[in-house]
Number of protein chains: 2
Amino acid sequence: MERNVDLNGFLENKQNFIPHLSIDSVIFGFHQDQLKVLLLRVHDSGVWSLSGGFVRMEEGIDPAALRILRERTGLENVYLEQYHTFGHEDRSKKNTLADILDFGHTEEFRNSWLNKRFVSIGYYALVDFSKVNPTPDSFSDIAEWFDLKDLPPMIFDHREMIHKALESLRANLDTKLVGFNLLPETFTMPELQSLYETILGYPLRRNNFQRKMLSMDILERIEKLYTGAANKAPYLYKFKAPTTEVV
Amino acid sequence: MERNVDLNGFLENKQNFIPHLSIDSVIFGFHQDQLKVLLLRVHDSGVWSLSGGFVRMEEGIDPAALRILRERTGLENVYLEQYHTFGHEDRSKKNTLADILDFGHTEEFRNSWLNKRFVSIGYYALVDFSKVNPTPDSFSDIAEWFDLKDLPPMIFDHREMIHKALESLRANLDTKLVGFNLLPETFTMPELQSLYETILGYPLRRNNFQRKMLSMDILERIEKLYTGAANKAPYLYKFKAPTTEVV
DNA sequence: TTATTATTTTCCCATTTTGGGACAATAATA
DNA sequence: TATTATTGTCCCAAAATGGGAAAATAATAA
């Protein structure tokens, strides 16, 4: 079956990518009290993948990760962190592109550098959900947010990559104060608490959470936010330090 | 100048290594109250390097790291942790092997896959200093321990790799309790404290350190150690959990 | 105008953890 | 038996955390 898949010279490696090496980014967002990841659907399949790409021969891996991220989200300044490199010998043998994509040039694909074993450098990105413009790549037709607790079937070992990224995010949450990158410029204390609870996976006490956050002297209190609800209006805060930190 | 360097078919990549990808391990040891790293001297040069190697086409990166470690130390079960992947576009452009090694087949080397740009996966290993049998590889003639505070000139970006490994070790010291892998089977409390102080780089209080260690219920108190010194003999301890954890 | 309701914010006290000084124990030597 | 150099233990103050309760307040209902 012939499908309208444009691989932009990928098969011939016209862009001179490093072979056997890829980059995959877990793009985290926060929306409606849920932690989300941006996934790409492999062309006309039920299988999804992380935002990934390759490293050009003269390109650093951090710039490559930022480039890929820019292409998938439209964002320039993103909090990006390299968390682990995945290199199990069989990691790209299950749910391969060749298994999924049965477009015209399958034979050509099977023999191409794309269908070889890959070691993948894992990054995770923290973005403001509302600012992202999800854009599919050459291998996918849809870019969509998924709830972390309700992931679709995924290519290769991408599910484990997400799992490990979340572990790393949790470990960095308190030390590197990265959570703010998932929120808009201003936010309320309950919103911030919900973010923390969602990432950590367990509830926190309002009083103690607020005490801890305020004691760190990293938040600036703006005005109150009147939502129209029949209760006390929460304060808006903004993060004092620049919220985006690029690798 | 012709030198007796045996590259074991490296130049022709007879072992079918993944190109542009390497593994480097920072091997930490602890000796005479000093944190040490095992370095290899590039053949007949004053430049040293980490224990490194390449990944075979059908080999996972963790097994590859263990294989390299085994070759350099003679140890089978080592605590090994992947901490960062280094992929700056220029990282292998300064202090290159080609600059250092001017052995006969320089021209062949300059054109070989070895002289290309490499992305390197960084691991660090924690070993019992006394059990290591330092062994050079094809590119080096001596393997030697260096004090972390007195490092020699190093190839590529290996100095930064060590620095970042130490940062990672420090961050993991309390959470993963990895320090014990640097000590022999049994050790005294002052020895353990010295290890912690050396890694962290600042002094700790005896009383509080002991209280903390004992409260974790991870140490088994053995008999006393009589050294002949004119003072109270310290207890020997051993770590309850298995001290080696392989990636 | 006043009570009610749903939240947010603050306060306070008990408990736990940590900081840090002092003392007790002890192995060899004088 | 006293001395010396460590190691091991104890204790109290200070700080951090756990957790309940009260105060504040924005809209609505009476």
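In what follows, chains are A, B, ... by sequence order, proteins preceding strands, each numbered from 1.
As rounded to whole Å, 14 Å separates atom P of D:dA29 from atom CG of A:Asn231. Atom NZ of B:Lys232 is separated from atom C1' of C:dT29 by 19 Å (rounded to the nearest Å). Rounded to whole angstrom, the span from the CZ atom of A:Arg206 across to the C1' atom of D:dG20 amounts to 11 Å. Rounding to whole angstrom units, CG of residue B:Leu192 and C1' of D:dT7 are separated by 14 Å. Rounding to whole angstrom units, NZ of residue A:Lys212 and P of C:dT9 are separated by 18 Å. Distance B:Phe209 CZ to D:dT7 C1': 14 Å, rounded to the nearest Å. When rounded to the nearest whole Å, the span between CG of B:Asp174 and P of C:dT17 equals 15 Å. Distance A:Ile222 CD1 to C:dT8 C1': 17 Å, rounded to the nearest Å.
The aromatic rings of A:His31 and A:Phe129 lie parallel to each other, with less than 30° between the two planes, well short of the 60° mark. Classified by interplanar angle (parallel below 30°, tilted 30° to 60°, perpendicular above 60°), the ring pair A:Phe28/A:Tyr124 is perpendicular.
The base of D:dG20 does not come close enough to the side chain of A:Arg205 for any donor and acceptor atom to sit less than 3.5 Å apart. B:Asn208 contributes a side-chain N or O that forms a donor-acceptor pair with the base of C:dG20 under 3.5 Å. If you check distances only, the side chain of A:Asn207 never reaches the base of D:dG18 with a donor-acceptor pair under 3.5 Å.
The phosphate of D:dT7 (OP1 or OP2) has no side-chain N or O of B:Gln210 nearer than 4.0 angstrom.
Residues A:Glu71 and A:Thr135 have side chains not in contact (no heavy-atom distance under 4.5 Å, counting atoms from C-beta outward).
Using N1 to N3 plus N6-O4 or O6-N4 for Watson-Crick, or N1-O2 and O6-N3 for G-U wobble, each under 3.5 Å, C:dG20 pairs with D:dC11.
Residues A:Val178 and A:Asn172 come closest through the heavy atom pair CG2-O, 4.2 Å.
In terms of position on DNA chain C, the residue among A:Ala233 and A:Arg211 whose nearest nucleotide sits closer to the 5' end is A:Ala233. Map B:Leu236 and B:Ala230 each onto its nearest nucleotide of DNA chain D; the residue landing nearer the 5' end is B:Ala230.
Going from atom CG of A:Leu35 over to atom CG of A:Leu195 covers 7.5 Å, rounded to the nearest 0.5 Å.
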